Structure formats: structure tokens, C-alpha cells
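None of the values given here were measured: they were computed from a predicted structure. Just so we're on the same page: letters track the sequence lines, and every chain starts at 1.
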Amino acid sequence: MSSRYNIKETEKKWRRIWDERESFKVSEDSTKPKYYVLEMFPYPSGRIHVGHVRNYTLGDVVARYRRAQGFNVIHPMGWDAFGLPAENAAIERGEHPDKWTHENIDAMRAQLKSMGLSIDWSREVTTCDADYYRHEQKMFLDFYKKGIAYRRESMVNWDPVDNTVLANEQVIDGKGWRTGAPVERRKLNQWFLKITDYADELLECVKKLDGWPEKVRIMQENWIGKSQGVRFSFALEDASEKIEVYTTRHDTIFGVSFIVLAADHPVAQKLCKGKPGFEDFVRKCQATGTSEEAIEKAEKLGFDTGFKAINPLRPKSKIPVLVANYVLMDYGTGAVMGVPGHDQRDFEFAAKYKLPVLPVISNERSEEKSQDNQGDSSHTLGMTEAYTGDGIMINSDFINGMNVEEAKQAVAAKLVEMKIGTVTTQFRLRDWGISRQRYWGCPIPIIYCDACDIVPVPEKDLPVTLPQDVTFDKPGNPLERHPTWKNVKCPKCGAAARRETDTFDTFFESSWYQFRYCDPHNEKLPVAKDRAKYWMPVEQYIGGVEHAVLHLLYARFFTKIMRDCGYVDCDEPFTGLFTQGMVTHATYKDKDGKWLLPTDVIIDGDKVKDKNGNPVTVGRIEKMSKSKKNVVDPEDIMDTYGADAARLFILSDSPPERDLEWTESGIEGAWRYVNRLHKIILDAGNNLPAAGAAQPSNFDDKSLALRRAAHKAVKGVAEDIESFQMNKAVAKVRELSNAIGTYEGDGWVLREALEVLVKLMNPMMPHLAEELWQMLGHKTLLVDEAWPQFDAGLLTQETVTIGVQVNGKLRASITLAADAGEGEAREAALAQDNVVKFMEGKAVRKFIYVPGKIVNVVVG
RNA sequence: GCGGGUGUGGUGGAACUGGUAGACGCGCCAGACUCAAAAUCUGGUGUCCCUAGGACGUGUCGGUUCGAGUCCGACCACCCGCACCA
């Protein structure tokens with residue numbers, strides 16, 4: 001007869017029961033308030049990692065808690081199944097992406113199920129299946145009809161050896177990851193969605209998303225980057241071309257000392273045609289990858305066109321025109337006015353190419369260094385950086401003496417009056433490029449015909465499915481070289497035509513899956529309008545901060561264009577958002593400097609060795625990654641300690657928004673606690689009155705104290721879960737179980753406390769809670785039980801102990817009635833020996849009493 | 001480079017809107033049980049001087065306040081994102 005808790009069997013048993021009773025299957029129910037809990041769906045890489053466990057545990061706590069609160073909770077799961085890793089697996093191991101992906105999904109589904117998540121698996125979606133992606137092909141055609149989707153040229157990373165497009169991730173130090181060849185920027189015709197048309201709405205709405213973390217809202221606002229500025233042109237001295245620039249710092253127009261153009265700016269191309277060295281320079285510019293980071297970090301390079309531009313407000317001054325690698329044609333006008341005195345990037349460029357610095361805003365530093373600079377200085381005036389703050393305009397003609405804001409107004413007015421400039425609003429946000437030159441994605445339903453140009457695939461021919469017979473033996477897109485797939489007849493004229501061989505960016509799939517879960521088997525529509533109306537928006541979305549900008553912005557945008565195409569009646573997909581931190585682990589290296597898995601390391605006190613007894617170096621605690629081998633396998637963990645212990649540990653130590661350090665001792669501690677809880681109920685079992693027995697008429701002090709603890713926990717745990725402070729919720733559950741563990745007294749009170757405990761721990765450790773609920777004699781399932789109610793009368797304290805300070809330093813503490821007045825507090829405080837001692841006989845100058853908080857006696 | 005964040009004992013963290021810093025864990029120490037060990041249970045545990053008590057203490061430096069982990073300014077360290085990884 002073992003009384004020990006059989007974790008594996010018990011957990012399996014409850015999962016089977018939930019499954020049999022379809023406990024988590026939901027449908028629309030107008031009698032109940034709905035609650036939509038969604039975690040970012042996983043990419044099916046093959047195995048779940050601890051980051052997934054954290055994500056889905058957090059969501060499950062919320063889902064189970066809301067369900068106990070009486071909500072009709074929808075909590076679905078699916079697979080973000082298109083993407084690069086499947087193609088890499090195909091290249092490396094010869095496995096077909098479809099097979100590889102579906103096998104991974106099966107493996108990961110089993111792993112996720114073993115976590116005991118309260119998921120409605122009947123709503124599972126897989127984005128690489130045609131019954132999912134057919135709907136986005138239809139939506140794309142609608143976007144095209146409405147002018148939201150369009151085609152234009154844009155830059156990609158090009159590997160000149162493999163003759164293939166590289167993802168930014170595949171560019172390492174400017175070189176292709178497989179070939180090592182220097183990457184080039186190359187122009188390609190690609191599809192875009194006009195997210196810039198929605199910039200204003202996306203900006204205005206994000207400001208109102210008060211269920212989102214402030215930091216994410218700020219990041220999105222900055223990403224959209226609305227600015228007010230002026231667009232105007234510089235004429236050239238010896239050429240008829242004009243150079244249009246956009247600037248938000250038109251106040252510094254008298255400080256312009258050069259103009260820079262993008263290498264592929266039409267004016268640059270024209271002016272420099274045939275100029276010695278220009279072709280080389282353009283090639284050098286194109287040698288940087290397309291990522292903003294790479295461009296910003298690259299050494300600034302310039303090429304003098306030899307031409308001079310004329311400052312429209314100071315026609316006498318002729319300023320050099322250069323071509324530079326830090327200006328991009330995609331941004332603004334592809335030309336920038338250089339103001340090295342007041343822009344750090346321009347300053348660095350000027351310092352390197354010995355361009356003059358003309359300070360036009362006075363501040364302490366510039367006043368010392370430039371007395372009366374009239375605009376022909378040829379040095380940096382000893383300045384070490386640009387001055388970007390406010391100040392008084394100097395060396396600036398009619399705006400001298402104004403501050404920055406006044407100067408902006410005056411210059412803008414002047415340029416408008418002269419009819420050479422316009423005041424404009426500009427966004428940093430660029431249109432969303434959705435074309436990918438890859439096989440494993442959703443085909444773009446477009447046909448190119450020599451006669452009819454761009455022809456949408458007729459709706460009756462949807463979905464355009466991926467051909468299965470593809471090979472990955474050569475670099476590049478297999479669709480491109482498929483013998484038959486791309487050759488079709490033009491739907492309009494019947495002539496020979498070609499399919500688009502690009503596929504969608506995988507952000508396309510993840511931009512609307514939240515809708516698909518509401519109606520996952522609908523064959524006609526992405527989602528029926530009324531179903532979306534019932535379930536949307538998502539009350540609680542949970543995922544990593546790494547998605548703070550791109551995925552979340554695209555999903556918000558997609559919701560708005562689906563709305564405008566008549567699919568749904570929803571403005572914002574996610575009203576509540578929580579961004580979790582990473583999971584980290586210590587790193588280990590053997591004596592040869594090779595990374596070691598935590599399971600290959602033996603820690604004995606402060607000695608760390610490998611399996612052969614060789615010393616191991618313990619490195620920094622870092623984000624779990626395969627490359628550093630500092631990973632633990634959730635399946636191993638759940639096998640050894642059970643899902644509840646894994647869930648508990650994930651929740652207990654760190655606040656969810658911060659990084660979580662996975663430790664062996666931590667998971668062991670959680671496991672011990674799971675067993676301890678089981679033992680507490682087991683020990684109490686026989687001494688308890690039956691469930692539902694009558695409440696005694698009065699309680700002794702000990703009983704009252706336990707009741708207080710239980711009711712306080714009900715309130716506290718609910719508050720903590722709602723504010724996502726799961727670590728505090730766990731601490732409160734532990735406090736309650738500590739109080740129960742030391743309690744000896746009335747059985748009714750003990751049962752009350754135990755039942756509260758079991759209900760409070762249920763969202764965190766659902767298998768154990770269900771088992772304990774049964775051990776307490778209940779026939780119902782805990783998943784169907786309501787969250788306990790607390791008695792507010794048990795939460796108020798009659799007396800409080802507060803600190804007494806003398807001149808701000810704590811000297812004593814006093815216990816007072818909670819509603820004691822200042823007189824009582826003063827009397828009690830001044831009666832304390834230690835208070836008298838530190839007053840040193842001096843008079844009370846000020847007496848501060850904050851009821852329930854503190855007394856501060858100020859003397860001297 | 002630009003944008004966003006984090007920093008509290010040996011350790012993960014707690015501290016409500018400025019009011020007794022260290023809840024709850026992990027680790028460690030001591031005790032109980034045991035022939036012994038493991039497991040379990042009980043107690044202790046910021047540092048220093050150690051005396052009932054005191055001094056110091058929330059990344060660093062400065063400020064506001066009767067009172068600062070919390071507010072303000074400057075700095076340091078580390079982390080995340082940067083549009084084709086998802």
C-alpha cells in the first residue's frame with residue numbers, strides 16, 4: 001500500500017477524463033460572457049522547448065481561472081507551419097517539407113497535450129494546409145481589387161554564387177551563410193500591402209490599447225514614426241535637376257553644408273554617369289545587406305559628385321552634393337540635407353569627409369567655440385558631437401534669436417510662401433513586402449500573361465496548391481524550376497502564361513489565425529461573420545516581446561483590411577496583450593571549450609564536472625539556445641517530475657515578463673511541493689467532516705486565523721492572476737498551505753481551507769488539484785467548479801503594527817487600533833523607550849502620522 | 001547606429017498610489033526521526049560591530065522630501081527589436 005503520489009499515472013488519468021468529457025470544447029453561448037485566451041502559436045520545429053512551456057502555462061492559468069469565473073472560455077491551438085526551417089530540413093536531410101512539418105506537428109501536439117492544457121483541440125489549425133491558406137489567397141485577391149496589394153521593385157539580399165535570395169538571418173557579416181560570398185543588394189519585382197495607408201489608424205488605435213504593455217505601445221508608435229516636416233527642393237548650380245529633400249529640422253536650414261543622395265537616386269545616377277570611380281562606389285554601397293541595422297552600422301562612405309547645390313534661403317552659398325551609403329532610396333525622397341552641427345550622423349560624415357560644420361543653434365558649447373561664423377568654416381570647430389537640443393538660432397538670417405520651435409514655423413512659412421516647399425506629414429513605416437522567393441509558403445494567386453499583364457487567378461480555381469513533386473538539390477526556389485506547375489493558360493485570353501512563383505511572407509498566415517480559430521472548419525469563408533463577432537477580440541494574447549512590432553502590427557493591420565473588405569466587424573484583434581520574458585540557463589564548457597548539455601554536467605556542491613570526471617567551466621546565464629546547448633527538454637522534465645511540477649516551477653520564481661532562469665534545484669523544489677500538497681490532503685483526509693457539512697456557529701482564535709488566511713488568499717490569488725503576477729499567486733498558495741500544515745483544530749475549518757487551497761492551485765497544477773478534489777470526497781470535476789468566494793468581513797484587521805521613526809530612522813514599532821487617531825498614535829509613540837532615547841530630550845518639531853503606515857517624530 | 005527594457009541578500013524574487021526593505025522559494029546552518037544515509041518535519045539565516053542595541057544596505061553618482069527600492073537628473077552594465085528567423 002503506497003501512499004506516495006503517482007504523478008505519471010494520475011496526470012494521465014485526469015487528461016483522459018477531461019478528454020472523454022470534452023471539458024474544454026466550447027461553442028457560442030449567448031447566456032455567458034465569452035473570454036478569448038490566445039498564446040502565439042508555435043512554429044512546428046519538432047520538439048517543444050521551455051519557452052513554449054512557459055507561454056502555454058501562462059495562457060492556461062488565465063484560461064482555467066476565467067473558466068472558474070464563469071466565462072465561456074475559448075482557448076485554441078494551431079501551427080504556424082510555413083517557413084524556412086522546413087526547406088532547410090529538405091536541403092539537409094532530403095525530407096519533403098510537407099512530411100517533415102506534419103511529423104513535427106504530430107510530435108509537438110503529443111508533447112503539448114502532456115502539459116494538461118485546457119485547449120479545445122477541435123479548433124486546431126495548420127497554416128500549411130490548403131483548407132487554411134485557400135482563404136488567404138481569396139483575401140489577397142480582394143486586397144488586390146481594392147488597391148491594397150500592389151507590385152513594385154524592391155531590394156533583396158542576393159547571393160551571387162547560389163543565385164538565390166537570402167533572408168536577413170542568412171546574411172552573416174555581409175556574407176551568404178552557405179557560400180560565404182559577399183552579399184549584394186538586388187532589385188526584384190515584388191508584392192506589397194499598403195500598410196502605410198493605415199498608418200494613422202494604426203497609430204491612433206495603438207494609443208488606446210490600454211490592455212497592452214506601455215513599452216509595446218511605444219515601440220509601435222516609434223515604428224510607425226509619424227513626423228511633421230517640410231518637403232522642398234535644392235536647385236543645382238550647373239544642372240537643371242532639382243533635389244527634393246524631406247526634413248523635420250528645417251530650423252537648421254542655414255546650417256546645411258552638404259547634400260547626400262542615395263546611390264540609386266535618379267539624380268545621382270544621371271550626374272555621375274561615366275564619372276571615374278562611381279560604378280565602384282555604387283557596388284560598394286550595394287555590398288551592405290538590406291537590414292536597417294547593417295546599413296546604420298556600416299562605415300559611412302561618400303562620393304563627391306562635383307556638383308554644387310544652392311540653398312534656397314541663402315542663394316549665395318554653394319554646397320557640395322555627395323552620394324552616400326547611409327541614405328536609402330526607399331526612405332523619404334532618397335536625399336538628405338546634411339546639417340553636421342545638429343545631427344550626429346551628418347556630423348560623423350562631415351568629420352570623415354572634411355565638410356564644414358556650421359552651428360546655427362547656440363548652446364553653451366557652441367558659444368565658446370564659434371563667435372561669428374559666417375558659413376564658410378572648413379573645420380569642425382573642435383566639436384566632438386552634434387548639438388541636438390533646443391537653443392537660440394544664430395548665423396541664420398531672419399530667424400536669428402528665435403528658439404527651435406519658432407524657427408521651424410518661420411522657415412516652413414517662408415518656404416511655403418516662396419512656393420518651393422510644402423508642410424507634410426511623413427511616416428517611418430514602409431509598405432509590407434509580402435513576396436518570398438521560396439517554396440514552403442502560400443502561393444500567390446497571380447498569373448502573368450504577356451498580353452494581359454497581371455491576371456488574378458479566378459476564384460473558381462482557388463486554392464492554388466503547392467506541387468508535391470519538387471526537388472531541393474539546387475539552390476533557389478523549386479517552384480521556379482518546376483517543369484509544369486508554373487505554365488498555365490491565361491484565364492483572360494487563353495494564351496500561354498506563367499504563374500507567380502513567389503509565396504507569401506509567413507507573417508501573412510499569423511496575421512489572421514485569431515479569426516480562423518473562431519470558425520476553423522468553414523469551407524466558404526475565413527470565418528463566418530457572426531462567429532467572429534461572438535468570439536473576437538482576443539481578451540488575452542500572450543507571447544514573446546520579440547513580436548512587439550512586426551507580428552503584432554501586421555495582425556492589427558490585417559484585421560483592419562479584413563474589416564474593410566467586409567469579412568469581419570472588428571477593429572483591433574487583441575485588446576489585452578502580455579509579453580513574457582525568455583527562458584535562460586547557465587552555460588557549460590568542457591576542458592576543450594566545447595559546449596555541454598546540462599544533462600551531461602554533474603554538479604556536486606561547488607564542484608562541476610562532466611560524466612568522465614573532467615572539470616567543467618560554468619559560463620554566463622543565457623537565453624536557451626541549441627548552439628550553446630544550454631537547453632533542457634520539457635519532455636524529459638515532465639517524464640521525471642510531471643507536468644504540474646514543471647508548470648509550477650515555470651510560474652513560481654520569476655515574474656512572467658522577466659527572464660526565467662531554469663535551474664535543476666528549482667524544478668526539484670516544485671516537485672517536492674507537489675508531493676507535499678498530496679501528503680497534506682492525505683493526512684487530513686480521515687479527520688474531515690463530509691463535504692457540505694454545516695458551518696459551526698463560532699470559531700476559536702486559531703480557527704479564525706486560518707479562515708482569515710484562506711479568505712485573504714482567495715482575494716490575493718485572483719488579483720495576482722489578473723495582473724499576471726503568477727509568481728506572487730504561487731507564493732500566496734504556498735503561504736496558505738504553510739498555515740494549513742501547522743493548523744490543528746476544527747475539521748470544518750480545515751476542510752474549508754483545503755477546498756480553497758485546491759481551487760486556488762487548480763489553474764497552476766490542474767492534475768493534482770483534480771486528484772485532491774476527488775480525495776476530499778467530491779464527485780464533480782474541479783474544472784467545472786466555480787472560483788471560491790471570499791468573506792470580506794474576514795479580511796479586515798482590528799489592530800495594526802506600524803513603525804515609529806525619529807527623524808526618518810526606524811526606532812520602534814507600536815500596535816494600534818486600525819482606526820486610531822493621531823492623539824493615540826502620538827501617546828504610544830512617545831512612550832517607547834527607544835524613541836525617547838533618540839529624541840535626546842529635544843522638542844517635537846513635527847509629528848507625522850499616516851494611519852496604518854508609519855509614525856515619524858521630527859525633533860531638533 | 002536607432003527604438004524599447006532590466007538592475008534589490010549566497011541565489012530567484014516580494015514591497016499596494018513615496019511610509020517598518022527582503023513576503024514566498026532555492027541554497028546553507030542547526031535540531032528531530034534513523035544503526036546510518038536519503039526522504040520528511042521543526043527552527044535559524046542581509047552585511048558588519050555584536051550587547052538589550054547600533055551602523056551600513058536596493059547597479060553608480062547627485063538631487064527633491066519629515067521619509068526614496070519607489071520621484072527627478074547624469075552615468076555604468078546587461079538584454080530584446082530593427083522590416084526576408086519565427
Side-chain angles (χ1 to χ4, degrees), chain A residues 40-43 45 80 82-85 156-157 165-171 190 195 213-216 218-219 221-223 225 290-298 300 326 330 344-345 348 428-438 505-507 510 544-551 553-554 579 581-582 584 620 622-623 649 652-655 657-661 663 665-666 668-670 672-673 675-676 679 719 725 727-728 730-735 738 741-742 801-813 833-834 837 845-848 850 852-858:
Chain A
M40 290 177 185
F41 63 169
Y43 178 80
S45 55
D80 189 12
F82 275 135
L84 267 186
V156 293
N157 298 309
V165 177
L166 298 177
N168 282 338
E169 185 193 48
Q170 299 171 319
V171 179
Q190 311 206 64
I195 191 171
E214 183 76 18
K215 61 175 175 185
V216 176
I218 292 170
M219 279 190 259
E221 282 176 33
N222 290 338
W223 187 264
T290 58
S291 81
E292 190 174 315
E293 185 188 7
I295 291 156
E296 292 271 350
K297 276 188 183 161
K300 291 176 180 49
Y326 71 92
D330 284 353
Q344 187 59 23
R345 218 160 46 157
E348 283 161 24
R428 198 187 83 98
L429 182 68
R430 313 197 303 256
D431 276 340
W432 175 14
I434 51 171
S435 296
R436 297 292 180 269
Q437 295 69 40
R438 288 185 231 297
D505 175 10
T506 57
F507 276 128
S510 57
V545 235
E546 63 270 23
H547 295 292
V549 178
L550 293 179
H551 160 62
L553 192 68
Y554 292 146
T579 54
M582 301 180 302
T584 64
R620 303 173 13 152
E622 294 190 63
K623 177 178 180 169
F649 172 61
S652 46
D653 271 3
S654 299
E657 71 276 12
R658 264 204 250 168
D659 289 352
L660 168 76
E661 189 197 342
T663 60
S665 55
E668 277 168 23
R672 276 202 300 270
Y673 184 61
N675 286 295
R676 200 178 135 219
K679 197 167 168 290
E719 283 168 358
Q725 295 173 289
N727 54 324
K728 286 166 65 183
V730 171
K732 280 171 188 156
V733 167
R734 293 187 100 122
E735 267 180 293
N738 288 346
T742 55
T801 302
I802 63 172
V804 180
Q805 299 176 335
V806 177
N807 285 345
K809 293 213 175 227
L810 187 71
R811 297 303 179 191
S813 67
D833 289 348
N834 214 35
K837 183 176 148 198
R845 205 149 53 95
K846 200 166 169 187
F847 184 84
I848 291 155
V850 183
K853 304 269 189 200
I854 200 94
V855 164
N856 190 6
V857 187
V858 185

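- Counting non-hydrogen atoms under 4.0 angstrom, Thr801(A) reaches a base of the nucleic acid.
- On a pure distance criterion of 3.5 Å, a polar donor-acceptor pair joins the side chain of Gln437(A) and the base of C84(B).
- A donor-acceptor contact under 3.5 Å is formed by the side chain of Gln190(A) with the base of C84(B).
- Between A55(B), G13(B), C79(B), one nucleotide has an atom nearer to the side chain of Arg811(A) than all others, and that is A55(B).
- Spacing between G22(B) and U45(B) at atom C1', rounded to whole Å, works out to 12 Å.
- Taking the side chain of Met582(A) as heavy atoms from C-beta on, and the options C80(B), C66(B), G25(B), the nearest nucleotide is C80(B).
- Lys837(A) comes within contact range of the sugar-phosphate backbone alone, with a heavy-atom separation under 4.0 Å but no base atom that close.
- Taking the side chain of Asn727(A) as heavy atoms from C-beta on, and the options G1(B), G54(B), G13(B), the nearest nucleotide is G13(B).
- Which of G67(B), G53(B), C79(B) sits closest to the side chain of Arg620(A) comes down to C79(B).
- Comparing C84(B), G5(B), U20(B) by their nearest atom to the side chain of Ser813(A) picks out U20(B).
- The partner of G53(B), taking Watson-Crick or G-U wobble pairs whose two distances both stay under 3.5 Å, is C49(B).
- A donor-acceptor pair under 3.5 Å is absent between the side-chain atoms of Asn727(A) and the main chain of Ser652(A), judged by distance alone.
- In this structure, Val855(A) reaches neither bases nor backbone, as no heavy-atom distance under 4.0 Å exists between it and the strands shown.
- Under the Watson-Crick or G-U wobble criterion, with both distances below 3.5 Å, C33(B) has no partner in any strand shown.
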Would you list the protein and nucleotides 56-64 of chain B atom pairs, both N or O, that sit under 3.5 Å from each other?
{"from": "C56(B)", "atom 1": "OP2", "to": "Lys809(A)", "atom 2": "NZ", "distance (Å)": "3.0"}

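- Nucleotide G67(B) forms no Watson-Crick or G-U wobble pair with any nucleotide shown, as no partner meets the under 3.5 Å limit on both distances.
- Judged by Watson-Crick or G-U wobble contacts below 3.5 Å, the nucleotide C2(B) has G81(B) as its partner.
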Report, one pair per line, the protein and nucleotides 38-41 of chain B atoms (nitrogen or oxygen only) whose separation is under 3.5 Å.
{"from": "C41(B)", "atom 1": "OP1", "to": "Arg676(A)", "atom 2": "NE", "distance (Å)": "3.4"}

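- Cation-pi geometry between Arg734(A) and Tyr673(A) is met: under 6.0 angstrom from the ring centre, within 45 degrees of the axis.
- Closest contact between the side chain of Ile218(A) and the listed nucleotides A14(B), A23(B), G4(B) involves G4(B).
- Considering only side-chain atoms of Leu84(A), the nucleotide from G1(B), C85(B), G67(B) that sits closest is C85(B).
- Distance from the side chain of His547(A) is smallest to A86(B) among C24(B), A86(B), G19(B).
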Give the C-alpha distance, both sets of side-chain angles, the deciding distance and a yes or no for side chain to side chain donor-acceptor pair (under 3.5 Å) between Glu719(A) and Gln725(A). CA-CA 8 Å; Glu719(A) 283 168 358; Gln725(A) 295 173 289; over 6 Å; no
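- With both pairing distances under 3.5 Å, C75(B) is matched to G59(B) as a Watson-Crick or G-U wobble pair.
- C26(B) is paired with G10(B) under the criterion used here, namely a Watson-Crick or G-U wobble arrangement in which both key atom distances are under 3.5 Å.
- Within the nucleic acid shown, Gly666(A) has no heavy atom closer than 4.0 Å to any nucleic acid atom.
- One finds no salt bridge joining Arg428(A) and Glu221(A) here, because no Lys/Arg side-chain nitrogen approaches an Asp/Glu carboxylate oxygen to under 4.0 Å.
- In this structure, C16(B) forms no base pair with any nucleotide, since neither Watson-Crick nor G-U wobble geometry is met with both distances under 3.5 Å.
- For Arg658(A) and G7(B), the shortest distance from a side-chain N or O to OP1 or OP2 is below 4.0 Å.
- Regarding contacts with the backbone of U65(B), every side-chain N or O of Asn856(A) stays at 4.0 angstrom or more from both OP1 and OP2.
- Looking at the side chain of Glu661(A), the nearest of the listed nucleotides G3(B), G12(B), C84(B) is G12(B).
- Side-chain proximity of Val165(A) to A83(B), C84(B), G54(B): nearest is C84(B).
- With a cut-off of 3.5 Å on both Watson-Crick or G-U wobble distances, the partner of A21(B) is given as none.
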